[in-house]
Number of protein chains: 2
Amino acid sequence: MDVGVEVNAGVDNSSPTPCTHDFQVNCSNCRLSAICLPFSLEATEIDELDRIVQRSKPLQKGQHLYRESDDFQSVYAVRAGTIKAYRTTDDGREQVTGFYFPGEILGMDGISNNSHASSAKALETASVCEIPFSSLEKLSAVMPHLQRHFFQLMSREITEDQQLITLLSKSSADERVAALLLSVSTRNARRQLSATQFRLSMSRVDIGNYLGLTVETVSRVFSRLQKLKVLDVENKEIQILDIEALRKVADAR
Amino acid sequence: MDVGVEVNAGVDNSSPTPCTHDFQVNCSNCRLSAICLPFSLEATEIDELDRIVQRSKPLQKGQHLYRESDDFQSVYAVRAGTIKAYRTTDDGREQVTGFYFPGEILGMDGISNNSHASSAKALETASVCEIPFSSLEKLSAVMPHLQRHFFQLMSREITEDQQLITLLSKSSADERVAALLLSVSTRNARRQLSATQFRLSMSRVDIGNYLGLTVETVSRVFSRLQKLKVLDVENKEIQILDIEALRKVADAR
DNA sequence: CGCTGAGTTGATAATGTTCAAATTTAGTGG
DNA sequence: CCACTAAATTTGAACATTATCAACTCAGCG
């Protein structure tokens, strides 16, 4: 019963999915459970977790899950599609703080102030599981595995932010783009998808706003890597032709 | 009974403190408790927390608290001095991920992998409280306030990393340096220290490695801000002459 | 089939890096 | 306390990378 899960993960997601309104999905039968919040929980625990998870209807492309400074109530697990988290700077520019794929959790930056520190918007039709934080807290207190795992998820968010910090601080445009592509590749593989061929759900502008580069620079890097036969780029469709070369580009110097 | 707390916070910390080995400090009488881990806990809860906290002898300047890939056992609260957290890139360069002042918690990036994702080193004589994570987890399960507060601390770490990401991605050298100075200023004020006059415990190289700039650029920014009468810079001793102007520099554009 | 927004490409400019050297500060041993 | 040395900081000049501005191309869509 994987209907509704990763509906948009394939190569062809140009048309909105029929949306079967299959909300029967639960954590036990979700094939993302191994990489999502239920990871490391036992069957009975998963059922308990399942009781607090809320599944709502899909988000349309461009729709917001929450906005900066909204009251914080829940964290979210992506079930299908891609969510972009971003902040808007004083002068109106956008800093993308992360792209979230199925099985990944977002919204944890809202805990500290009880208000979201970033906005979250669907880059394509997407569905998410909402996990009310107060329920999660209560459940964590009685489920050590869950508490541990959630601490780990937050910690991972920290280490990933630190990686991005390092990338922005020390790497050239080529290195940044290569690192992003490798990250997408790795995360695809975790979900049993191709590590070498995929469709980027984000625009070049989004990539630039994530990597601290202008669209033009991002575009030039793609062209360059294409010319070097490291990638085959056809609009958003990416094929990694030489992953070793891409790794070399990613940590040149 | 504040002996041993913030011993090095004053203007003159040129000679190592006598180190009275006063480890009698506990959370209840620590004047940092209002901004540190005990925040929001009740007296009896603070006593319980106190029982798991380990206080050891001070770190000398340059000494490591932990190193990247060390086994993760504990998080640490800074009691006195400054701790620099940093990662070393493949090519040997250093990315500073944070400076930690008294009352601040570090080491949370180690939770996700059970090994530290960064190294931590004392920038001056420093002392820390060690909080074994497994004890903290157990205590959190029975003290909702503590669990909540620790989630919030981790979340704050995330939002602060996101701010740094934005700074690195969107800001000029002047803006970055100004933002750092304002951050130091604010955090000093939180500890009842001067918001306008302080000694920077970190070197220009450290600042550069934090802000993604070379030493030369950092130095030039200091000179420029000095010439503009925004700062008075005398080596590590900084006086903010015009904090409004500094704020304008920090969010120019 | 033309329109619109996304993406690409080129030329020029700006910001910060790199390399080199001078200068100041901090530490060490007599 | 002073002389000496190493380390940190500052300053200058040339260079490199990426941003900016502008024009063009392409894909998708009514």
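In what follows, every chain begins at residue 1, and chains take the letters A, B, ... in the order their sequences are listed.
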How are the rings of B/Tyr66 and B/His116 set to each other: parallel, tilted or perpendicular (split at 30° and 60°)? parallel
From CG of B/Leu213 over to C1' of C/dT17, roughly how many Å is that when rounded to an integer? 10 Å
Fit a plane to each ring of A/Phe99 and A/Tyr210, take the angle between them on a 0 to 90° scale, and name the class: parallel (under 30°), tilted (30 to 60°) or perpendicular (over 60°). tilted
Are any non-hydrogen side-chain atoms of B/Pro102 and B/Arg191 less than 4.5 angstrom apart? yes
Using a 4.0 Å cut-off on protein heavy atoms (strictly under), produce a 5'-to-3' string for nucleotides 8-15 of chain D with B for base contact, S for backbone-only sugar-phosphate contact, and - for none. -SBBBB--
Under 4.0 Å between any heavy atoms, over every strand shown, what does B/Gly208 touch: base, sugar-phosphate, or nothing? Just pick one. nothing
Rounded distance in Å - CD (B/Glu124) to C1' (C/dA26): 16 Å
For A/Leu225 and C/dT8, what is the distance between atoms CG and C1' respectively, to the nearest whole Å? 15 Å
Establish, from distance only, whether the side-chain atoms of B/Ser194 and B/Gln197 form a donor-acceptor pair under 3.5 Å. no
Provide, to the nearest angstrom, the distance between the NZ atom belonging to A/Lys170 and the C1' atom belonging to D/dT17. 17 Å
Quickly work out the B/Arg176 CZ to C/dT17 C1' distance and round it to whole Å. 12 Å
Starting at CD of B/Gln60 and ending at P of C/dG27, how long is that distance when rounded to a whole Å? 13 Å
Closest non-hydrogen atoms of B/Thr159 and A/Arg87, given as atom of the first, atom of the second and distance, are O-NH2, 3.6 Å
In whole Å, I'd like the distance from the CZ atom of A/Arg224 to the P atom of C/dG10. 12 Å
As a quick check of understanding, evaluate side chain to side chain donor-acceptor pair (under 3.5 Å) for B/Asp174 and B/Ser172, giving each step before the final call. CA-CA 5 Å; B/Asp174 286 3; B/Ser172 69; 5.4 Å; no
Calculate the interatomic distance between B/Leu123 atom CG and C/dA26 atom C1'; express it in whole Å. 17 Å
